[in-house]
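Take a look at the structure below.
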2 protein chains.
Amino acid sequence: MANNYPIGVFDSGVGGLTVVKELIRQLPSENIIYFGDTARVPYGIKSKETVIRFSIENILFLLKQNVKLICVACNTVSSVALPAIKNHFRVPIVGVLAPAAREAVYATQNKRIGVIGTPSTIKSRSYESQINELDSEIKVFSAATPLFVPLVEEGWVDTDVTREVAREYLGPLTNKNVDTLILGCTHYPLLREVIQGVLGKKVNLIDSAKQVAIEVKRMLACEDLLNDSAKKPRHKFYVSDNPEWFTNLAGRFLGHSVKDVSRAEVG
Amino acid sequence: MANNYPIGVFDSGVGGLTVVKELIRQLPSENIIYFGDTARVPYGIKSKETVIRFSIENILFLLKQNVKLICVACNTVSSVALPAIKNHFRVPIVGVLAPAAREAVYATQNKRIGVIGTPSTIKSRSYESQINELDSEIKVFSAATPLFVPLVEEGWVDTDVTREVAREYLGPLTNKNVDTLILGCTHYPLLREVIQGVLGKKVNLIDSAKQVAIEVKRMLACEDLLNDSAKKPRHKFYVSDNPEWFTNLAGRFLGHSVKDVSRAEVG
């Protein structure tokens with residue numbers, strides 16, 4: 001395994017780019033290959049068996065690109081598939097769940113944490129298990145917020161409709177007196193302001209991207225795999241469908257436009 | 001080909017059940033096999049190539065079940081894939097597009113028709129071509145309404161949020177003085193009241209289900225394939241993922257609950 005091999009990142013679609021943004025910030029020398037499964041997006045309403053099958057196919061695709069580590073930039077995959085498959089492959093696999101759970105446990109003062117995510121993520125109760133493994137006294141309150149993803153993809157991040165949807169979904173959580181909320185889906189950082197507006201400024205919003213990038217950096221350092229080349233790193237993007245759609249949306253998630261987007265068939 | 005062979009129906013997910021409801025009403029003796037591609041739903045944001053590939057796989061699955069005719073209960077497939085593939089198979093294939101276009105052309109008085117649908121359906125401009133082939137003087141005004149599907153699947157058919165989204169999407173159409181609107185997606189009949197509320201009572205809403213069922217009946221009669229058996233017909237449902245999710249939603253689309261739902265892998 002060579003240090004200049006790329007980090008592989010995958011997500012069901014475009015949301016994982018919020019993680020890529022943070023990887024680029026924290027690991028500016030690393031080559032990155034991203035795969036977005038836009039032909040089968042979204043995963044968040046699909047069954048465990050199907051999410052596992054799709055995830056394995058995505059991992060095999062990245063392994064063929066000679067990646068040195070795989071970062072799963074999708075909460076649904078990290079919640080429902082990763083526990084079953086993470087030890088089966090020849091490179092380390094890092095999910096978004098554990099880093100976000102750790103950060104939330106660290107942040108909470110009153111031991112009341114909220115979690116929002118896709119129906120599959122919430123149904124898996126994975127965040128609850130992770131948090132309670134770290135501190136069994138913490139109470140976790142969860143809510144599925146399925147309309148957030150289509151709203152973000154429609155670009156409606158600052159509209160009355162989105163604020164109304166947020167009030168509807170988050171209302172039950174505001175009564176639970178949580179002081180910390182995990183944004184349990186890589187799309188949700190784009191709704192940070194709307195969510196903070198509904199919950200109030202005192203609630204800590206935990207966005208897994210930053211913590212995941214720290215974890216990736218730590219693991220690469222541990223295995224002596226950090227890229228020390230001075231060459232300009234390459235960021236290459238593959239999607240299973242609709243490179244144009246992905247390219248149009250990407251800027252919103254990544255903070256800058258992307259160029260190198262190709263179509264790749266998996267499965 | 002035997003008369004008691006089933007009619008095959010497919011859709012990307014659950015929306016096609018609005019067509020099944022009408023098939024059962026108009027053809028109460030027919031056996032029906034439905035396939036919903038819930039592992040890869042939705043199709044409406046995906047590319048032509050991908051929708052064609054998925055559609056062929058779905059058709060091959062239905063042909064294996066010995067169907068005598070295939071009804072494509074999905075506007076996206078009918079718009080972007082059907083023109084390329086409909087003549088390649090050994091049974092007749094009926095889409096939702098032509099019947100709805102015919103009905104709209106018949107209904108309009110002022111020759112101004114609106115069409116709403118998924119981004120892929122609208123981008124294909126298929127409704128415009130079909131309508132203008134029938135009457136080149138008709139003006140067609142289209143709008144993509146991507147949030148309607150997730151709103152219906154979330155069960156938010158009668159909420160302030162949905163009315164606000166409808167006002168946002170349909171606003172530009174209200175200024176165009178259309179007297180007829182095609183509901184160009186099999187989910188949209190569930191939003192009939194909200195849409196009528198925004199556009200006003202004078203606008204005709206054309207829902208393809210009824211017209212498609214008429215077309216299926218006509219074609220079966222033509223080929224002498226109507227089922228004349230007195231046996232209770234069988235309605236069997238297959239999905240590529242999440243039979244429970246499908247079963248929960250199905251009642252809302254079909255008007256009664258479904259029992260016989262199995263998982264089937266395609267592709």
Side-chain angles (χ1 to χ4, degrees), chain A residues 12-14 36-54 57 80 118-120 123 144-156 159-169 171 187 239-249 263-267, chain B residues 12-14 36-54 57 80 118-120 123 144-156 159-169 171 187 239-249 263-267:
Chain A
S12 59
V14 71
D37 194 8
T38 50
R40 305 187 289 197
V41 73
Y43 285 6
I45 52 167
K46 291 162 194 176
S47 73
K48 184 175 171 176
E49 297 70 34
T50 294
V51 174
I52 287 178
R53 180 161 67 89
F54 291 173
E57 289 166 356
V80 312
T118 64
S120 302
K123 195 179 155 205
T145 53
L147 287 168
F148 279 178
V149 168
L151 282 166
V152 169
E153 298 201 342
E154 181 70 332
W156 290 21
T159 66
D160 288 340
V161 164
T162 306
R163 277 182 284 274
E164 183 58 34
V165 172
R167 272 191 294 272
E168 187 73 29
Y169 282 146
H187 279 76
V239 288
S240 51
D241 192 30
N242 247 338
E244 312 77 39
W245 175 84
F246 180 85
T247 307
N248 285 338
L249 270 179
R263 196 164 176 277
E265 216 157 280
V266 299
Chain B
S12 59
V14 70
D37 193 7
T38 50
R40 304 187 290 197
V41 73
Y43 285 4
I45 52 166
K46 290 163 193 173
S47 72
K48 185 175 170 176
E49 297 70 34
T50 294
V51 174
I52 287 177
R53 180 162 66 91
F54 292 172
E57 289 166 356
V80 312
T118 65
S120 301
K123 194 179 157 205
T145 54
L147 287 167
F148 279 178
V149 168
L151 282 165
V152 168
E153 297 200 343
E154 180 70 332
W156 290 22
T159 66
D160 288 340
V161 164
T162 306
R163 277 182 284 274
E164 183 57 33
V165 172
R167 270 191 295 272
E168 187 72 29
Y169 282 146
H187 279 76
V239 288
S240 51
D241 192 29
N242 247 338
E244 313 75 39
W245 175 84
F246 180 86
T247 307
N248 285 338
L249 270 179
R263 196 164 176 279
E265 216 156 284
V266 298

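Only a predicted model underlies this, so the values are computations on that prediction, with no experimental measurement involved. Atom set for the values below is all heavy atoms of this structure, side chains included, hydrogens, waters and symmetry mates excluded. Naming convention: chains lettered A, B, ... in sequence-line order (proteins, then strands); numbering from 1 in each chain.
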Worksheet item: Top residue by heavy-atom pair count (under 4.5 Å) with chain B, among P150(A), P146(A), A39(A), P243(A)?
Response: A39(A)
Worksheet item: At a heavy-atom separation under 4.5 Å, does T159(A) approach chain B through its side chain, its backbone, both, or neither?
Response: neither
Worksheet item: What part of V149(A) is in contact with chain B, defined as an atom under 4.5 angstrom from a non-hydrogen atom: side chain, backbone, both or neither?
Response: neither
Fill in: Interface moiety of P119(B) toward chain A, non-hydrogen atoms closer than 4.5 Å
neither
Practice prompt. Could you tell me whether a side-chain N or O of S12(A) sits under 3.5 Å from a main-chain N or O of V41(A), the two making a donor and an acceptor?
Written response: no
Worksheet item: By a 4.5 Å heavy-atom criterion (distance strictly below it), what part of F54(B) contacts chain A: side chain, backbone, both, or neither?
Response: side chain
Worksheet entry | Most chain B-contacting option - heavy-atom pairs closer than 4.5 Å, from K48(A), E244(A), R53(A) | R53(A)
Worksheet item: Does the side chain of E168(A) reach to within under 4.5 Å of the side chain of V161(B), using non-hydrogen atoms?
Response: no
Item to complete: Tell me, for E164(A) versus chain B, whether the close heavy atoms (under 4.5 Å) come from the side chain, the backbone, both or neither.
Response: both
Worksheet item: Can you tell if the side chain of V14(A) reaches within under 4.5 Å of the side chain of H187(A), non-hydrogen atoms only?
Response: yes
Response to the item:
From the list R40(B), E154(B), E49(B), the residue making the most non-hydrogen contacts under 4.5 Å with chain A is E154(B)
Fill in: Interchain contact, E265(A) with chain B, by part (heavy-atom threshold 4.5 Å)
side chain
Worksheet item: Can you tell me if D37(A) and S240(A) form a side-chain donor-acceptor pair at under 3.5 Å?
Response: yes
Worksheet item: Would T50(A) and R263(B) count as having a side-chain donor-acceptor pair, cut-off 3.5 Å?
Response: yes
Item to complete: Using the six-membered ring wherever Trp is involved, compare the ring planes of Y169(B) and W156(A) and label them parallel, tilted or perpendicular (cut-offs 30° and 60°).
Response: tilted
Worksheet entry | Under 3.5 Å: donor-acceptor pair, side chain of T38(A), backbone of D241(A) | yes
